[in-house]
Amino acid sequence: PKDVLFIFDKSGSMDGEKIEQAKGGLKFVVNKLKSEDRFNLVEFNSDANLLFEDSQPATPLNRDRADRFIAGLAADGGTEMQPALDLAMGLPPRDELRQIVFITDGSVGNEDELYAMIETRLGGARFFTVGIGSAPNSWFMRKAAELGRGTFVVISALHEVGEKMDRLFDKLGHP
């Protein structure tokens, strides 16, 4: 079993096709979790919020709650990644392997601060990044995943969501 935390960027820069790609990818992966897995969602723009106070089992009821939560996400506000990372990395540790999946277009200005946070606070968790759109900040996304012992995936078109998220899910399932 694993504990997967999804961090979802819903800032204004994600407007249009990017947020639809990201929502589709997130729903796809959440619905592939096994019932013994645990998960949680962090949505962020200028603020950050958790779906659940702590990770929950991936039961049909909790996956349905997540689907409704994801459907209600709309792009607006600024891009403040640090509060979202604080929420995710501040959750109590679990026995299961924790994997953090960061879904964003990577529009950031404080890269060095975020890299330092990943290096010092990630602990035994793994950090994966999913770049959305035709021009994600690949440098930031690739380096953040490398520091977090994860991988970087780019989804540049809606028709790629299923295939690329399936590959990511395969990596999450085989740490």
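The model shown is predicted, which means the values in this text are computed figures rather than measured ones.
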task: Determine whether Leu168 and Phe128 make a side-chain contact, defined as any pair of heavy atoms from C-beta on separated by less than 4.5 Å.
output: yes
- request: Answer whether the closest heavy-atom distance between the side chains of Ile103 and Ile7 falls below 4.5 Å.
  value: no
query: Do Leu5 and Gln99 come within less than 4.5 Å of each other through their side chains, counting heavy atoms only?
result: no
- request: Looking only at non-hydrogen atoms, find the nearest pair between Leu33 and Arg63 and report the distance.
  value: O-NH1, 3.5 Å
query: Side-chain contact, heavy-atom cut-off 4.5 Å: Leu97 with Asp3?
result: no
Which donor-acceptor pairs under 3.5 Å do side chains of residues 146-155 form with protein atoms, sequence neighbours excluded?
from   : atom 1 : to     : atom 2 : distance (Å)
Arg149 : NH2    : Gly123 : O      : 2.9
Arg149 : NH2    : Ala125 : O      : 2.5

query: Is the NZ or CZ atom of Lys10 both under 6.0 Å from the centre of the six-membered ring of Phe44 and within 45° of that ring's axis?
result: no
- prompt: Is there side-chain contact between Val29 and Val101, with at least one heavy-atom pair below 4.5 Å?
  reply: no
message: Can you confirm if the aromatic rings of Phe102 and Phe6 lie within a centre distance of less than 6.0 Å?
response: no
task: Output the distance between atom NZ (Lys143) and atom CG (Leu114), rounded to the nearest 0.5 Å.
output: 11.5 Å
query: Can Asp166 and Lys32 be counted as an ion pair, charged N to O under 4.0 angstrom?
result: yes
- request: Could you tell me whether Asp54 and Arg94 make a salt bridge, using a distance below 4.0 angstrom between a side-chain N and a carboxylate O?
  value: yes
task: For Met14 and Ile132, run side-chain contact (heavy atoms from CB on, under 4.5 Å): C-alpha distance rounded to whole Å, both residues' side-chain angles, the deciding distance at 0.1 Å, then the answer.
output: CA-CA 8 Å; Met14 291 285 289; Ile132 301 294; 4.2 Å; yes
Solution key, residues 68-92 side-chain donor-acceptor pairs under 3.5 Å, sequence neighbours excluded:
from  : atom 1 : to     : atom 2 : distance (Å)
Asp76 : OD1    : Asn45  : ND2    : 3.0
Thr79 : OG1    : Ser11  : OG     : 2.9
Asp86 : OD1    : Arg121 : NH1    : 2.5

- prompt: What are the two closest heavy atoms between Arg98 and Ser55, and how far apart are they?
  reply: NH2-OG, 4.3 Å
query: How far does CZ of Arg65 sit from OG1 of Thr59, to the nearest 0.5 angstrom?
result: 9.0 Å
- prompt: Are Phe39 and Asn62 close enough that some pair of their side-chain heavy atoms sits under 4.5 Å apart?
  reply: yes
message: Any non-hydrogen side-chain atom of Glu96 less than 4.5 Å from a side-chain atom of Arg38?
response: yes
message: With heavy-atom distances below 4.5 Å as the criterion, would you say the side chains of Thr104 and Met141 are in contact?
response: yes
query: Is it true that Met117 and Trp139 fall in one hydrophobic cluster, defined by side-chain heavy atoms closer than 4.5 Å?
result: yes
